[in-house]
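Positions are given from 1, in the same order as the sequence printed here.
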Amino acid sequence: MGTSVVVKDLCITAGDQTLVESLSFSIQPGEVLALIGESGSGKTTTALALMGFARRGCAISGGSVHLGGTDVLSLDAAGQRALRGRTVAYIAQSAAASFDPSRTILDQVIEPTRIHRTCSRAEAERKAIALFRELALPEPETIGQRYAHQVSGGQLQRLMAAMALITDPDLVILDEPTTALDVTTQIEVLRAFRRVVRERQATAVYVSHDLAVVAQMADHILVLRHGRMQEIERTEQILAAPGHEYTRSLLAAARPAQREAGTPVTEGARPLLELHQLAAGYGEIGRDGRPAKLVLDDINLKLYPGQAIGVIGESGSGKSTLARAIAGLLPPCQGTILFNGRQLKPALAQRSKEELRQVQMVFQIADTALNPAQTIESILARPLQFYRQLKGEALQRRIRELLDLVQLPSSLAQRLPGGLSGGQKQRVNLARALAAEPQLLLCDEVTSALDTVVGAAVLDLMAELRRELKVSYLFISHDLHTVRAVCDEIVVMQHGRKLDQVARADYDRGPHHPYYELLARSVPELRRGWLEEMDQPQRASA
């Protein structure tokens, strides 16, 4: 059974800055409360306080948090350790930063049961495999024997959910748990989460920037801005008639509008990037020249100057591996990569400095892409020194220009990444790639970790940079709406193969490959009850 949650006059500060101000709300057993708001609004900070936890440099300076009859904020360190991972479970946003790369997945998933001594190891392993199956993970019997780097980002996020749920907690805090998932996998995970909440009458707090997902999960929505509650109401009421102007702005940004098309491809134009029969994977190379684990197979693609091509597909389809192969991070085992008509060497170390400069990558998770010990100035200075040999005043001036280019104040240059919001860190991530003045940006899920308002602003920025700098994009995403908004064509991938390529003019008219149609149908709609409607064909065919 779940437990009631009562928060009264919660205040959280960082030095003289107030992060959460006099926040009060309650959740009944079996209910799901969604916390929404743009980056930096206090969503995750509030959710963490339900466990009595405050980030480094922050303090819970006032108020109370009651879970059932327990005052969480009055517990000593031992009492809070006994609570966390047992009574309260937390599913974090960034699974990649939460798993130990040196231990098997199974050992980490069952660790909470060992710490809290809730069951034997054999029983914990059985529970873990059952959760793997419930969360629609591939090869549930053996996936636990792998290491974190051997599974996709979406699979790792679901494995983190299994780790949180394995102790049967009363309160589950879900912090952007479907951010890294493709739409088809997301549906399965949402079903699993909702099933757990309903069957066990568990209480849940759902932190998300995806309002369409929130509409399927939450009974109530609490809207935060700058640490202050703007409104709290039943989900149906928020969606139908939001009472606050800020809530209306969040709803308006929930689906990105289509940006301006890129430079039209003229007849006879030479492609910027050409892929011919590209194949890549991991493990030992066999006699046939192919690796033990083939991830990409027979990929053919042309991208022209000034063009943006989106690559979509489910988790594990090979999208990110495609970008890594083009960048030289994972040398292909077969096929060729041509850039401006010249063949690129397969491995990064074999390419010239000029070839490295022309192709840059913008990584998905800025938290792991940016060195937390370096200032923003140092992070941007490195590519400028390496590719442009800039120093002194010329270096400082270019750093200021790059920050201005991605619409960040120059005052942020002396900060560490930990002092920036998620949206600001992603802009620094983009600025670092642009420092090399590349012709091609490989963008790997660059808006997936951002709230709708900030994500829309980043997409607007990228469209503007494409016009100004004539840069081309290979835009990898599991979000079909985002890809449709910024790309001239969409490449559809599944199981490492290219299934379809759809031009912008044909986005809304077929015929298309059935898998593209499935992806289009699987994008959550911004209305209550959509997930139940998706379940109906399954029930009818059962």
Side-chain angles (χ1 to χ4, degrees), residues 1-37 39-93 98 112 115-118 163-165 167-177 197 200-208 218-232 418-419 421:
M1 293 293 291
T3 186
S4 61
V5 179
V6 179
V7 176
K8 187 174 182 181
D9 296 327
L10 179 67
C11 292
I12 303 173
T13 55
D16 58 358
Q17 182 183 7
T18 300
L19 304 181
V20 175
E21 183 176 350
S22 300
L23 185 61
S24 300
F25 61 87
S26 62
I27 318 170
Q28 298 306 310
E31 286 188 343
V32 180
L33 173 71
L35 302 179
I36 70 169
S39 180
S41 63
K43 305 186 299 294
T44 296
T45 301
T46 299
L48 292 172
L50 302 184
M51 301 188 295
F53 180 81
R55 289 168 166 156
R56 182 178 299 179
C58 303
I60 301 174
S61 54
S64 62
V65 176
H66 282 85
L67 302 183
T70 303
D71 183 355
V72 174
L73 303 186
S74 68
L75 294 175
D76 59 16
Q80 289 186 346
R81 281 197 301 271
L83 180 88
R84 297 169 187 165
R86 175 64 185 94
T87 304
V88 183
Y90 180 74
I91 303 174
Q93 177 177 358
S98 302
I115 292 172
H116 296 284
R117 301 179 180 178
T118 58
M163 187 193 307
L165 296 171
T167 57
D168 301 317
D170 293 325
L171 172 63
V172 181
I173 299 170
L174 305 102
D175 191 355
E176 303 279 12
V197 170
R200 296 189 66 259
Q201 281 293 288
T203 308
V205 173
Y206 201 102
V207 178
S208 182
D219 300 295
H220 292 81
I221 294 176
L222 190 159
V223 184
L224 281 168
R225 189 185 191 193
H226 304 318
R228 297 177 181 173
M229 183 169 68
Q230 306 302 301
E231 62 178 308
I232 183 170
S421 71

Q: Out of curiosity, His226 NE2 to Ser41 OG, how far, rounded to the nearest 0.5 Å?
A: 9.0 Å

Q: Heavy atoms only: give me the nearest Cys11-Ser22 pair and the separation to one decimal.
A: SG-N, 3.4 Å

Q: Main chain of Ala14, side chain of Gln17: is a donor-acceptor contact present, judged purely on distance under 3.5 Å?
A: no

Q: Return the OG1 to CG distance between Thr44 and Leu35, rounded to the nearest 0.5 Å.
A: 8.5 Å

Q: If the condition is salt bridge (charged side-chain N to carboxylate O under 4.0 Å, His left out), which residues does Arg55 pass it with, not counting sequence neighbours?
A: none

Q: Please report the shortest heavy-atom distance between Ala164 and Ala89, naming the atom on each side.
A: O-CB, 3.2 Å

Q: Would a 4.5 Å heavy-atom cut-off, applied to side chains only, mark Leu50 and Tyr90 as touching?
A: no

Q: Taking all atoms of both residues into account, what is the closest heavy-atom pair of His116 and Gly85, and its distance?
A: NE2-C, 3.6 Å

Q: Could you list the donor-acceptor pairs under 3.5 angstrom formed by side chains in residues 71-79, with sequence neighbours left out?
A:
{"residue": "Asp71", "atom": "OD1", "partner": "Leu73", "partner atom": "N", "Å": "3.3"}
{"residue": "Ser74", "atom": "OG", "partner": "Asp71", "partner atom": "O", "Å": "2.8"}
{"residue": "Asp76", "atom": "OD1", "partner": "Ala78", "partner atom": "N", "Å": "3.3"}
{"residue": "Asp76", "atom": "OD1", "partner": "Gly79", "partner atom": "N", "Å": "2.7"}

Q: Would you confirm whether Thr118, through its side chain, and Thr167, through its main-chain N or O, come within 3.5 Å as a donor-acceptor pair?
A: no

Q: Closest heavy-atom contact between Thr3 and Gly68?
A: OG1-N, 3.1 Å

Q: Can you confirm whether Cys58 sits close enough to Leu19 that some side-chain heavy atom of one is under 4.5 Å from a side-chain heavy atom of the other?
A: yes

Q: Return the minimal non-hydrogen interatomic distance between Thr46 and Gly42, and the atom names on each side.
A: OG1-O, 2.8 Å

Q: Verify, without hydrogens or angle tests, whether Thr87 (side chain) and Asp170 (backbone) share a donor-acceptor contact under 3.5 angstrom.
A: no

Q: Any side-chain heavy atom of Leu23 sitting closer than 4.5 Å to one from Leu224?
A: yes

Q: Check whether Arg225 reaches the backbone of Gln230 with its side chain - one donor and one acceptor, N or O, closer than 3.5 Å.
A: no

Q: Indicate yes or no: at least one non-hydrogen side-chain atom of Ile27 is less than 4.5 angstrom from one of Asp219.
A: no

Q: Are Pro169 and Val88 side-chain neighbours, meaning at least one heavy-atom pair lies under 4.5 Å?
A: no

Q: Any chance you could measure Leu165, atom CG, to Ile91, atom CD1, to the nearest 0.5 Å?
A: 5.0 Å

Q: Does a side-chain heavy-atom distance below 4.5 Å link Leu83 with Leu67?
A: yes

Q: Measure the NZ-CG distance between Lys43 and Leu222 for me, rounded to the nearest 0.5 Å.
A: 11.5 Å

Q: Using 0.5 Å steps for rounding, measure from the NE2 atom of His66 to the OG atom of Ser26.
A: 13.0 Å

Q: Show the nearest heavy-atom pair for residues Pro29 and Thr203, with the distance to one decimal.
A: CA-OG1, 3.3 Å

Q: So, taking the atom named CD1 in Ile173 and the one named CZ in Phe53, what distance separates them when rounded to the nearest 0.5 Å?
A: 11.5 Å

